[in-house]
Amino acid sequence: QVQLVESGGRLVQAGGSLRLSCAASGRTFSSYAMGWFRQGPGKEREFVAAINRSGGSTNYADSGKGRFTISRDNAKNTGYLQMNSLKPEDTAVYYCAANRLMVPRTTPNSYDYWGQGTQVTVSS
């Protein structure tokens with residue numbers, strides 16, 4: 001199995017940028033597709049972005065298209081979520097997740113491994 005640890009969340013003003021990281025350990029990171037999800041106060045966990053094992057295929061929720069970029073560095077066993085033009089509605093705990101499927105999936109139940117989350121707060 002793989003262990004995931006997110007970092008990079010903090011308080012940022014609207015219009016700012018953040019890069020979240022997801023460090024993986026335990027098994028070969030390149031064997032896993034990766035996704036980012038978020039859960040705001042009183043909301044269900046929702047899909048943000050996903051990337052396949054090689055990094056050649058990505059998928060984004062409409063809320064992040066044009067603002068968020070998912071990437072990975074398999075040599076460093078790390079995935080990333082670059083978030084630009086942040087809005088107050090982006091405030092949430094952000095989670096990275098992994099599975100061994102071939103296609104970057106958008107549903108939480110498609111993922112077997114989860115990190116503990118990192119808090120992103122966007123002030124207006």
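Between the side chain of Glu6 and the backbone N or O of Cys96, at least one donor-acceptor pair lies under 3.5 Å. Here the side chain of Asn52 pairs a donor or acceptor atom with the backbone of Gly55 at under 3.5 angstrom. Under the 3.5 Å distance criterion, the side-chain polar atoms of Arg67 are matched with a main-chain donor or acceptor of Ser85. Listed for the Asn99 side chain is a donor-acceptor partner under 3.5 Å among the backbone atoms of Ser110. Under a 3.5 Å cut-off, the side chain of Arg45 and the backbone N or O of Gly40 do not form any donor-acceptor pair. In this structure a side-chain-to-backbone donor-acceptor pair under 3.5 Å is missing from Arg53 to Val103. Side chain of Gln39 to backbone of Glu44: no donor-acceptor contact under 3.5 angstrom is found.
Under the rule for a ring-ring contact (aromatic ring centres under 6.0 Å, His included), the partners of Tyr111 that lie at least two apart in sequence or sit in another chain are Phe37. Scored by the ring-ring contact (aromatic ring centres under 6.0 Å, His included) test, Tyr32 finds Tyr113 as partners (sequence neighbours excluded).
Salt-bridge formation is detected for the pair Asp62/Lys65: a Lys NZ or Arg NE/NH1/NH2 atom is positioned less than 4.0 Å from an Asp or Glu carboxylate oxygen.
Here the CZ-CG distance, from Arg72 to Asn77, works out to 9.5 Å after rounding to the nearest 0.5 Å. Between atom CE of residue Met34 and atom OG1 of residue Thr78 there is a gap of 9.0 Å, rounded to the nearest 0.5 Å.
No side-chain donor-acceptor contact under 3.5 Å links Thr28 and Ser31.
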For a quick test of your reading: what N or O donor-acceptor pairs under 3.5 Å do the side chains of residues 9-23 make, sequence neighbours left out?
| residue | atom | partner | partner atom | Å |
| --- | --- | --- | --- | --- |
| Ser17 | OG | Asn84 | OD1 | 2.9 |

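Taking every heavy atom of both residues into account, Trp36 and Gly79 meet most closely at CZ2-O, 4.2 Å. Across all their heavy atoms, Gly117 and Val93 have their closest contact at CA-CG1, 3.8 Å. Scanning both residues, Val2 and Ala98, for their nearest heavy atoms gives CG1-CB, 4.1 Å. Contact detail for Gln119 and Thr121: the closest heavy-atom pair is NE2-OG1, 3.3 Å. Between Asn74 and Ser54, the closest heavy-atom pair is ND2-CA, 4.4 Å.
Among Ile70, Ile51, Thr106, the one residue that satisfies the side chain to side chain contact (heavy atoms under 4.5 Å, CB included) test with Tyr60 is Ile70.
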Intermediate values then yes/no, side-chain contact (heavy atoms from CB on, under 4.5 Å), Thr69 and Tyr80 | CA-CA 8 Å; Thr69 302; Tyr80 304 98; over 6 Å; no
When you look at Tyr94 and Leu81, which way does the side-chain contact (heavy atoms from CB on, under 4.5 Å) test go after all the steps?
-> CA-CA 10 Å; Tyr94 283 71; Leu81 183 67; 4.2 Å; yes
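Following chains of ILVMFWY side-chain contacts shorter than 4.5 Å, one can reach Met83 starting from Val122, so the two form part of one hydrophobic cluster. Residues Phe68 and Phe47 fall into different hydrophobic clusters, defined by Ile, Leu, Val, Met, Phe, Trp and Tyr side chains chained together at heavy-atom separations under 4.5 Å.
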